[in-house]
Protein chains: 2
Amino acid sequence: MAAQAQYEELVRQFSAFGAVKRDIRRLTSAECPSGSAAVLALLGRHGDMHISRMAELLAVDMSVTSRHVAQAADRGWLQRLPDPADRRSRILRLTPEGRERLDELFRHTTRLLAERLADWSDDDVALLAPLMARLRDSFDDCRTGSRPAASPLPRPAPPGSERTTRTPASA
Amino acid sequence: MAAQAQYEELVRQFSAFGAVKRDIRRLTSAECPSGSAAVLALLGRHGDMHISRMAELLAVDMSVTSRHVAQAADRGWLQRLPDPADRRSRILRLTPEGRERLDELFRHTTRLLAERLADWSDDDVALLAPLMARLRDSFDDCRTGSRPAASPLPRPAPPGSERTTRTPASA
DNA sequence: TATTGTTATACTCTATAACTATA
DNA sequence: TATAGTTATAGAGTATAACAATA
């Protein structure tokens, strides 16, 4: 458990990171909307999966995921295969074209990063990635419920207290 | 200069960080759109500034900044004061209400972060913030031209090679 | 003529809600 | 009845372009 001031500084940095993300997207995204890019990246990293799993990893509603997937499928970057075990589900799989697009995007972004961080020490670069990975894990755990889930804060959590991935479907 | 593989891992983590950002926004933003939040955060951190400076720090077009600022002004969170030195410019200043809103947002986010990172060591938390700060600086330097600016990559930079903050204004 | 800021238009991302086809 | 996925609609964020006022 760290000091309050450290969390506060982290909050500031998270806010400012948006500028870095926008810079990267502007300079590397050509031909590939960021929604598709995120879908391709997760398929490349985790392999075939269902839409619902994708929505969970993206931390967005499944309706949003469905559209991003549809766009990527329209462009031939992935297939939605029938799942023999459950005919409601579809299995997402990267096509060779999708893999190519992902590789290209990856190359461009890596190149940009290498340029911007040219004056960083090897050690500092090596330090940042694992910390961000752990950060994401710390949030993932709460979202997917693989942990006590920590109280939902005194604040929001008004009606459904959803865990995302799904809009309530009232009635 | 780090190894290629390290930059690649960093690229993956940047992509995945979007999920963390969405989580945070969903759980803390109540009553304050993220555009306004970003504007308030920068005013709180850097003090009074012009719109153009704000656009630079946000790394978005000035037209976007102008709208976010207008929204925050409509809600009484900031003032746009005339600049006696240049009547085209306006000086942005946080109002007491804006400061209050910013403090509240900050409190909520800090609380969420403290909860999610409860099992992190003091050292790890202390490590992440400065690394992200430096990351942002490494990008800022290129954007605002306070550094050699590194070649604009073989890739894009087609016509105007803009530095953001401004749409070309053809003709 | 160039710069600061604004507005109009269009596109993307996102959430909510309602709908389908399966389980 | 509940779940996987889709679609419709609406709300933000963003970029491009054109415009006003001032330098």
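Keep in mind the model is a prediction, meaning the values are calculated, not measured.
B:Trp77 and B:Ser36 share no donor-acceptor pair across their side chains, judged by distance under 3.5 Å alone. A side-chain donor-acceptor contact under 3.5 Å links A:Asp61 and A:Ser63.
Contact check, A:Arg26 against D:dA15: a side-chain N or O comes under 4.0 Å of OP1 or OP2. Within the structure, a side-chain polar atom (N or O) of A:Arg87 is placed less than 4.0 Å from OP1 or OP2 of C:dA23. Between B:Ser52 and C:dG5 there is a side-chain N or O to OP1 or OP2 distance below 4.0 Å. Phosphate proximity of C:dT4 to B:Arg53: absent, as no side-chain N or O sits under 4.0 Å from OP1 or OP2.
Considering only the side chain of B:Met62, C:dT4 comes nearest among C:dT4, D:dT6, C:dT14. Set against C:dA21, D:dA15, D:dT7, the side chain of A:Ser63 has D:dT7 as its closest nucleotide. Comparing atom distances between the A:His68 side chain and each of D:dA21, C:dT14, C:dT7 picks out C:dT14 as nearest. Distance from the side chain of B:Arg67 is smallest to C:dA10 among C:dA10, D:dA4, D:dT6. Closest to the side chain of A:Ser34, out of C:dT4, C:dT6, C:dC13, is C:dC13. Set against D:dG13, D:dG5, C:dT14, the side chain of B:Gln71 has D:dG13 as its closest nucleotide. Of the candidate nucleotides D:dT14, D:dG5, D:dT22, D:dT22 has the atom nearest to the side chain of B:Arg88. The nucleotide whose nearest atom lies closest to any side-chain atom of A:Ile51 is, among C:dT14, D:dG5, C:dG5, D:dG5.
Taking B:Arg134 as the reference, A:Asp124 meet the salt bridge (charged side-chain N to carboxylate O under 4.0 Å, His left out) condition, with sequence neighbours excluded.
Look at CD on B:Glu56: it is 14 Å from C1' on C:dT4, rounded to the nearest Å. Rounded to whole Å, atom C1' of C:dG5 lies 14 Å from atom CE of B:Met54. When rounded to the nearest whole Å, the span between NE2 of A:His50 and P of C:dT22 equals 15 Å. If you take CG of B:Asp83 and C1' of D:dA21, they are 14 Å apart, rounded to a whole angstrom. Distance CG (A:Leu92) to P (D:dA4): 14 Å, rounded to an integer number of Å. Per the geometry, CG belonging to A:Leu81 stands 13 Å off P belonging to D:dG5, to the nearest Å. Spacing between atom CG of B:Asp61 and atom P of C:dC11 amounts to 17 Å, rounded to whole angstrom units.
Within 6.0 Å of CD in B:Glu100 there are 12 or fewer heavy atoms belonging to other residues, nucleotides or ligands.
When each of B:Arg90 and A:Gly35 is assigned the nucleotide of DNA chain C bearing its nearest heavy atom, the one mapping closer to the 5' terminus is B:Arg90. Comparing A:Pro84 and B:Arg80 along DNA chain C, the residue whose closest nucleotide (by nearest heavy atom) sits nearer the 5' end is B:Arg80. Residue order along DNA chain D, read from the 5' end via each residue's closest nucleotide, puts A:Ser66 first among A:Arg22 and A:Ser66.
Residue contacts for B:Asp86: at a heavy-atom cut-off of 4.0 Å it reaches the sugar-phosphate backbone alone, with no base atom in range. A:Arg25 comes within contact range of no nucleotide atom at all, as no heavy-atom separation falls under 4.0 Å.
Rounding to the nearest 0.5 angstrom, the gap separating the CD1 atom in A:Ile51 from the CG atom in A:Asp83 is 11.5 Å.
Under the 4.5 Å side-chain heavy-atom criterion for ILVMFWY residues, no single connected hydrophobic cluster contains both B:Val69 and B:Ile91.
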